[in-house]
Amino acid sequence: MKLHRKPIPVKEAVSKVMERMKKNSHERVNLENSHNRYLGEDITASHPIPPFDKSPYDGFALHSTDTIGLGRGQAEEFRVIEQIGAGHRASRPLKKGEAVRIMTGAEIPEGADCVAMFEICQAYEKNGQSYMSLKRELKPGQNVIHQGSETKKGTVLVQSGTKINPGIKALLATFGYDQVKVQRKPKVGIFATGTELLDVDESLEPGKIRNSNAYMITAQVERAGAEAVYLGKLKDDFSTCFEAVSKAAAEMDILITTGGVSVGDFDLMPDIYKELGAEVLFNKIAMRPGSVTTVAEVEGKLLFGLSGNPSACYVGFELFTFPIIQGFLANPFPFRRRTKAYLNKDFPKANPFMRFVRGKVTMRDGKIFASPAGIDKSAVVTSLAETDAFIVLPGGTKGFKLGDMVEVILIEDSGKQEAFH
Ligand SMILES: Nc1nc2c(c(=O)[nH]1)N[C@H]1C(S)=C(S)[C@@H](COP(=O)(O)OP(=O)(O)OC[C@H]3O[C@@H](n4cnc5c(N)ncnc54)[C@H](O)[C@@H]3O)O[C@H]1N2
Ligand code: MOO
Ligand SMILES: [Mg+2]
């Protein structure tokens, strides 16, 4: 085994992975099941919105020319010929001096060009006929939402590859998509390797630990929008691991293993990649944690050899596997959002490697602050529960001080916020 590996910069490692991005196929799902899926086509307005001139208020539709000169004590009486709610249309065009009692969302009748809200009108009955009197002048088009004023037919409203959110669902429904073309979710196989691993329902035994990576990675895969296929845990035995990995690589779109990528006697992944004839893109990155993260490709399939150490495993996934999954989903913006934040803690120790400190961000008075989520060590699992961001501390000769402005990678919205005031 080669003990001395040459670390490559994080940026280079990310590009090496992204160069291997694969094209994916599409499928159709019912609109109800489309939430959080990635669009497989642009959404183009198939009709204008609104499709007809409509009233934004409950009131009376009339013609503005009938209101000229009103005001300063001058009122005009209108004959109310009918009443229309949303979903109904007036039975005939309005004539001079007529009004239609109209509700919000109803189509403006022919012969009307404006709406007077109930609040400025006086409605009354006279000899079994409805009337309304008005003391205000209205302009043509006043209180009318015009056909196509929100969007014109043919406008591209959402691009293929965008994650479907509640607003996009509303648009899909507006344009009559009962079925939606979406990107097929890549199947991501997951193996946890390690003879020390116990199942969740097993009691602790000397020298053994429960397998937490499998559950963590499954959740990260699902959070990224892919289909997680947990394939089980494997003992550190070459032929068992080799068989399992080669079979899964053929069946899955992407394969993740955790553990066994370093230089230990039972770290079998490097030999497995060799035996498979896989091309190793890199096996050492100038970062902490996750320096041992290894990515290889065999017969067009990417193999992510994530570290066994929980924090390193978590970080390795978010930096390298997350964007490739987004690529599969045709997301034109495959990377997690980054921004700047003020450090809430000193990091006096210089580190030659770039650090991705598991942290949490808070927002106050238009500023973002970043604090570490717990112990900043690769082998730590407890800090991950609080993590909603990575604090990026570039490698170099100096440490960092409280108040320094640093880059943060936003992992999720933890929703920690006081009530609105
Ligand atoms: N001589 C050297 N030793 C190590 C180096 C090195 O460069 N030279 N690198 C260290 C670094 S950095 C890391 S990170 C780890 C990576 O180890 P592996 O990826 O080979 O992982 P394992 O050896 O299998 O396990 C490491 C650690 O993680 C625990 N683990 C494994 N799987 C799970 C799981 N599914 N759930 C929870 N915890 C798991 C395992 O028990 C070990 O404690 O290597 C350093 N060594
Ligand atoms: O890969 Mo290790 O996490 O750098 O500690
Ligand atoms: Mg090891």
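Residue numbers count from 1 along this sequence. Atom set for the values below is all heavy atoms of this structure, side chains included, hydrogens, waters and symmetry mates excluded. Order of listing sets the numbers, starting from 1, for every ligand and every atom in it.
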[atom1] of [X]: more than 12 outside heavy atoms within 6.0 angstrom?
{"X": "Y342", "atom1": "OH", "result": "no"}
{"X": "R338", "atom1": "CZ", "result": "no"}
{"X": "K22", "atom1": "NZ", "result": "yes"}
{"X": "K208", "atom1": "NZ", "result": "yes"}

Taking the Mg ion (ligand 3) as the center, what protein N, O or S atoms are found at less than 2.8 Å? D267 OD1, D267 OD2

Against heavy atoms of [X], which atoms of ligand 2 measure under 4.0 Å?
{"X": "P289", "answer": "3 (O), 4 (O)"}
{"X": "S291", "answer": "1 (O), 2 (Mo), 4 (O)"}
{"X": "R288", "answer": "4 (O), 5 (O)"}
{"X": "S378", "answer": "2 (Mo), 3 (O), 5 (O)"}
{"X": "A312", "answer": "3 (O)"}

Quick one: which ligand 1 atoms are inside 4.0 Å of a heavy atom on [X]?
{"X": "K284", "result": "7 (O)"}
{"X": "V263", "result": "1 (N), 2 (C), 8 (N)"}
{"X": "N211", "result": "34 (C), 35 (N), 36 (N)"}
{"X": "N309", "result": "13 (C), 14 (S), 15 (C), 26 (C), 27 (C), 28 (O)"}
{"X": "S307", "result": "14 (S), 16 (C), 19 (O)"}
{"X": "D267", "result": "20 (O), 23 (O)"}

Does a donor on one side chain sit under 3.5 Å from an acceptor on the other, for E82 and S91?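 Yes.
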
Donor + acceptor pair across side chains of T294, N283 (<3.5 Å):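 The answer is no; no qualifying pair exists.
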
Taking 4.0 angstrom as the limit, do [X] and [Y] come out as a salt bridge?
{"X": "E227", "Y": "K187", "result": "no"}
{"X": "E202", "Y": "R210", "result": "no"}
{"X": "R20", "Y": "E297", "result": "yes"}

Lys NZ or Arg CZ of [X] over [Y] ring: under 6.0 Å, within 45°:
{"X": "R336", "Y": "F322", "result": "yes"}
{"X": "K398", "Y": "F400", "result": "yes"}
{"X": "K345", "Y": "F347", "result": "yes"}
{"X": "R358", "Y": "Y314", "result": "no"}

For [X], state whether at least one heavy atom is located under 4.0 Å from any atom of ligand 1.
{"X": "M269", "answer": "no"}
{"X": "A379", "answer": "no"}
{"X": "G260", "answer": "yes"}

Heavy atom of G290 under 4.0 Å from ligand 2? yes

Would you call N309 a ligand 2 contact, heavy-atom distance under 4.0 Å? no

Checking L231 against V229 for the side-chain contact (heavy atoms from CB on, under 4.5 Å) test, could you report, in this order, the C-alpha distance in whole Å, the side-chain angles of both residues, the deciding distance, and whether it holds? CA-CA 6 Å; L231 299 166; V229 185; 3.8 Å; yes

Do any N/O atoms on [X] end up under 3.5 angstrom from N/O atoms on ligand 1?
{"X": "A312", "answer": "no"}
{"X": "N213", "answer": "yes"}
{"X": "S378", "answer": "no"}
{"X": "R288", "answer": "no"}
{"X": "G308", "answer": "yes"}

Taking it one step at a time, do Q122 and M132 satisfy side-chain contact (heavy atoms from CB on, under 4.5 Å)? CA-CA 5 Å; Q122 249 196 330; M132 174 279 277; over 6 Å; no

Return the orientation label for the F282 and F320 ring planes: parallel under 30°, perpendicular over 60°, tilted otherwise. tilted

Given P289, G290, S262, which one has a non-hydrogen atom that is nearest to atom 4 (C) of ligand 1?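 Nearest option to atom 4 (C) of ligand 1, by heavy atoms: S262.
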
For ligand 2, is any non-hydrogen atom under 4.0 Å from S307's backbone (N, CA, C, O), its side chain (CB onward), both, or neither?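 It is neither part, as no heavy atom is under 4.0 Å.
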
Please state which protein non-hydrogen atom is closest to atom 11 (C) of ligand 1 and give its distance, to 0.1 Å? V292 CG1, 4.0 Å

Among all protein heavy atoms, pick out the one at the shortest distance from atom 42 (C) of ligand 1; state its residue, atom name and that distance to 0.1 Å.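 Result: E196 OE2, 4.1 Å.
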
Determine whether the aromatic ring centres of F242 and Y273 lie less than 6.0 Å apart. no

Determine, using ring centers only, whether Y230 and F191 are less than 6.0 Å apart.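 So the answer is no for these two rings.
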
Test side-chain contact (heavy atoms from CB on, under 4.5 Å) on M18 and F335 and set out the steps. CA-CA 10 Å; M18 295 311 276; F335 300 108; 4.0 Å; yes

Taking non-hydrogen atoms only, is [X] closer than 4.0 angstrom to ligand 1 via side chain, backbone, both or neither?
{"X": "S212", "result": "both"}
{"X": "S291", "result": "side chain"}
{"X": "L197", "result": "side chain"}
{"X": "I209", "result": "side chain"}

In a check of side chain to side chain contact (heavy atoms under 4.5 Å, CB included) between V361 and each of D413, I411, T339, L410, which one passes? L410

